[in-house]
Amino acid sequence: MASTALPLTTPFASLADPGPLSRALGEPTWLADFRRQAAEAARNAPLPNRARHLWRFSNPERFLPNQDPMMLGPTPAPPPWRLDEELSAAVLLSGATAQVVHLSQEAQRAGVVVAPLAQAPVQEFLGKAVPFQHGFLEALNAAAFRPAVAVLVPPGVRLEKAIRLRLVADGLSLPRILVVLGEGASAEIVEGHVGGSEGSQVLGVSEAFVGPGGELRYDVVQRWELPVTGHLTSRIVLAEGARAQVALASFGGTLTKVDTGVILQGKGAEVETYGVALGAGNQHFDHHTEHIHAASQTHSNLDFKVALAGQARSVYTGLIRIEEHAATCEAYQENRNLLLSEEARAESIPELEILNEDVRCTHGATVAPLDEEQVFYLKSRGLPHHQALRLIVYGFLDQTLSRLPEKTRERIEALVAGRLHGEVL
Amino acid sequence: MTKKVPVFAVEDLHVWVGEKEVVRGVSLEVFPGEVHAIMGPNGSGKTTLVQAVMGHPAYTVEGKIFLNGEDVSALEPDEKARKGMFLAFQYPVAVPGVTVASFLRAAVAARRGQDVPVKEFRKELLSRMEQLEMDPAFAGRYLNDGFSGGEKKRLEILQLLMLQPVFAMLDETDSGLDIDALKVVASGINAAATPERGLLLVTHYQRLLNYVQPHVVHVFMNGKLVKTGGPELALQLEEKGYDWLEAQVGGGA
């Protein structure tokens with residue numbers, strides 16, 4: 001594949017030396033080295049190009065930083081955050097800093113570490129789930145990331161209450177999250193993306209590692225303000241017998257590209273991924289999921305639903321890959337799209353790479369307009385047109401959300417309801 | 001002396017499906033407390049008639065529709081429903097992800113013009129469900145999703161009882177029911193047949209009418225009402241079939 005020369009004009013020239021950024025942030029040597037290697041990888045990486053597979057549907061140029069990613073800008077005050085639920089920890093990632101707002105006594109006693117990434121012992125994990133080679137934007141994040149947080153849950157520790165990370169978009173944000181669960185540990189991480197104004201860009205990377213027999217629930221809830229352009233990459237690596245449940249919810253932003261995946265690295269690992277996206281106006285969503293079965297007896301299930309009004313666009317590409325040596329795996333993937341207007345468009349592209357014959361693998365994809373018979377039925381019961389539509393969309397998405405744990409479900413349902421009552425319908 | 005106002009009336013109603021005229025000039029009046037039955041062979045346009053009256057967007061309609069003397073011809077289906085018109089569907093559509101309880105609460109609030117407190121609503125719902133011999137778990141199921149024919153029909157009658165319309169059309173509510181379910185559904189219809197309300201039963205067979213006594217029976221053929229009589233007319237049709245009448249009304253049908 002032909003690589004495109006980097007436009008090393010003024011804004012990107014600082015990629016040559018991330019040292020000043022590292023020093024300004026007061027980072028240890030190992031992290032400065034990491035950034036230097038990442039910057040080198042970014043300089044040599046091909047720019048995202050529409051000829052490349054996963055960029056066919058979204059213009060990559062719109063994700064390139066419109067300011068120098070190495071320059072630390074002023075840090076505006078983050079919007080107020082009221083913690084109204086019981087949490088193991090709460091972290092506010094805004095500007096260049098990750099501020100631990102709350103860490104429960106239970107979590108502290110158990111030895112849970114929730115800290116700015118530079119202060120956490122995560123050297124052996126950083127960049128291992130999302131390597132520099134993943135792509136230019138990921139390498140750029142590795143070279144220039146901030147704010148960043150690390151969460152480490154020691155072996156055997158099972159956190160009942162969630163860890164909430166609030167990531168505020170403002171100007172150019174390059175947040176990075178690293179989560180490590182020890183053997184038999186259990187935790188729920190809620191990665192919530194908020195904020196933004198005209199010209200705001202987000203290039204985020206999240207990595208998570210779940211030790212043998214561990215359990216991770218990972219929720220990514222994107223509700224940026226409308227002008228935001230954002231690109232989020234995440235990978236979760238599951239060791240033997242580890243389990244993950246991933247919930248994706250995309251509501252905001254003008255242009256959103258999410259590249260998320262789980263690598264079932266250990267025998268018997270399992271993952272369930274549930275996603276909803278709700279778009280209106282001129283919003284454009286591009287979601288890519290990957291379930292990589294790299295070990296035997298692994299199981300994955302994905303259910304992703306999209307509802308679009310106005311001129312909104314959605315692209316979904318979903319890869320299931322079963323490696324040659326991974327026998328007796330099971331993988332399911334379903335993507336359904338509901339179009340609420342004649343101008344809305346959705347693409348759904350399932351991709352299967354099955355290198356082992358001893359597997360069960362199915363997928364399904366639909367793009368369908370609103371069922372007028374459903375609308376008529378609900379209207380015949382007295383529900384006004386908009387309310388009928390809202391109920392249909394709510395039901396459509398709720399079939400997926402109903403599989404999530406109660407609290408996660410309630411949280412996302414409230415956002416769906418708010419969005420349906422506010423801007424979409 | 002004040003003139004009695006029909007709860008429901010249509011005047012010279014014509015309905016087109018695309019270019020095809022399916023209902024070809026129907027006039028009908030239903031007075032408070034009356035139960036009318038419209039019987040007719042398959043394909044005669046009975047379902048088109050009631051769906052068009054309710055406001056199905058697929059149909060082009062000419063003529064007038066009145067509810068309690070008010071011209072509702074131009075109203076949207078939801079406006080008609082809030083004013084008290086109801087249609088029990090022959091084939092109610094499924095709305096996955098929406099529970100029976102949440103749907104009914106929204107519908108009841110729309111009909112009554114105000115929200116009903118959850119506790120009060122639940123009590124009323126469970127009482128009505130008991131009346132129709134329905135399992136309380138039914139309330140948590142998705143609307144018509146995976147329901148048997150009998151369950152769908154019971155749910156339509158449950159809605160009739162919860163929404164308390166002024167005038168209700170019941171489209172082949174007897175089809176697909178075994179005898180026990182038919183009795184339960186019929187008892188629900190009888191409970192809805194109050195002195196203030198008008199009911200219009202659309203049916204193919206006499207069997208529902210063994211349990212719900214109509215005051216007036218109409219025969220509908222080829223898009224028109226061709227004969228009107230008392231309950232004995234239904235019995236005649238049961239005995240002789242529709243061919244007898246078709247021969248009698250000839251080309252006029």
Side-chain angles (χ1 to χ4, degrees), chain A residues 249 274-278 303-307 334-338 340-342 364 366 368-404 406 409-410 412-414 416-417 419-421 425, chain B residues 50-59 75-100 102-114 140-146 152 155-156 158-160 162-166 168-169 171:
Chain A
Y274 299 111
V276 295
L278 181 52
D303 180 357
F304 190 73
K305 290 227 169 61
V306 180
E334 186 174 319
N335 169 232
R336 310 242 173 254
N337 298 273
L338 176 63
L340 305 170
S341 72
E342 287 184 3
T366 56
L370 195 64
D371 182 345
E372 291 298 338
E373 292 299 325
Q374 287 181 333
V375 178
F376 175 58
Y377 186 73
L378 297 178
K379 285 177 78 174
S380 80
R381 298 309 185 240
L383 305 184
H385 192 78
H386 278 71
Q387 197 183 349
L389 256 55
R390 283 201 290 260
L391 205 58
I392 291 166
V393 176
Y394 187 82
F396 171 72
L397 299 179
D398 208 54
Q399 285 173 286
T400 299
L401 297 178
S402 66
R403 303 192 202 181
L404 294 170
E406 195 178 341
R409 172 189 178 160
E410 283 174 1
I412 298 176
E413 275 180 348
V416 168
R419 190 95 170 85
L420 285 175
H421 282 83
L425 292 171
Chain B
V50 291
Q51 292 227 336
V53 165
M54 199 67 220
H56 195 293
Y59 302 125
L75 297 186
E76 284 287 305
D78 54 307
E79 295 172 306
K80 289 176 181 168
R82 290 197 296 276
K83 284 184 181 292
M85 191 182 279
F86 181 86
L87 170 63
F89 285 64
Q90 185 182 3
Y91 301 111
V93 67
V95 188
V98 176
T99 64
V100 167
S102 63
F103 156 69
L104 266 174
R105 187 151 178 255
V108 166
R111 171 80 178 103
R112 296 181 193 174
Q114 59 182 34
R141 288 175 64 188
Y142 290 157
L143 188 58
N144 288 317
D145 192 23
K152 285 180 183 172
L155 178 57
E156 293 298 289
L158 176 67
Q159 293 176 60
L160 169 68
M162 291 294 289
L163 295 175
Q164 298 284 321
V166 174
M169 299 171 284
D171 189 6

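Letters go in sequence order (proteins before strands), and every chain restarts at 1.
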Subject >> Region of B:L143 that comes under 4.5 Å of a non-hydrogen atom in chain A >> reply: side chain
Original post:
Which answer fits B:Q51, side chain, backbone, both or neither, if we ask what part of it has an atom under 4.5 Å from a heavy atom of chain A?
Top reply: both
**OP:** Determine, stepwise, if the pair A:K379 / B:E79 fulfils side-chain contact (heavy atoms from CB on, under 4.5 Å).
**Re:** CA-CA 8 Å; A:K379 285 177 78 174; B:E79 295 172 306; over 6 Å; no
Original post:
A:P384 versus B:E76: any side-chain heavy-atom pair under 4.5 Å?
Top reply: no
Original post:
Going through the distances and angles, do A:Q399 and B:Y142 end up as a side-chain contact (heavy atoms from CB on, under 4.5 Å)?
Top reply: CA-CA 9 Å; A:Q399 285 173 286; B:Y142 290 157; 4.0 Å; yes
**OP:** Could you pull out the closest heavy-atom pair between A:F376 and B:G55, with the gap in Å?
**Re:** CE1-C, 3.6 Å
Original post:
Which atoms of B:A58 come close to chain A, meaning under 4.5 Å heavy atom to heavy atom: side chain ones, backbone ones, both, or neither?
Top reply: neither
**OP:** Using atom types as modelled and distance alone, determine if a side-chain donor or acceptor of A:R381 lies under 3.5 Å from a backbone N or O of B:L87.
**Re:** yes
**OP:** Could you pull out the closest heavy-atom pair between B:A110 and A:G382, with the gap in Å?
**Re:** CB-O, 3.2 Å
Original post:
A:L391 versus B:V95: any side-chain heavy-atom pair under 4.5 Å?
Top reply: no
Original post:
Measuring from B:R111:CZ to A:L383:CG, what's the distance to the nearest 0.5 Å?
Top reply: 13.0 Å
Original post:
Should the ring pair A:Y377 and B:F103 be called parallel, tilted or perpendicular, given that the plane angle runs from 0 to 90° and is split at 30 and 60?
Top reply: parallel
Original post:
Looking at side-chain heavy atoms only, is the closest gap between B:F89 and A:S380 below 4.5 Å?
Top reply: yes
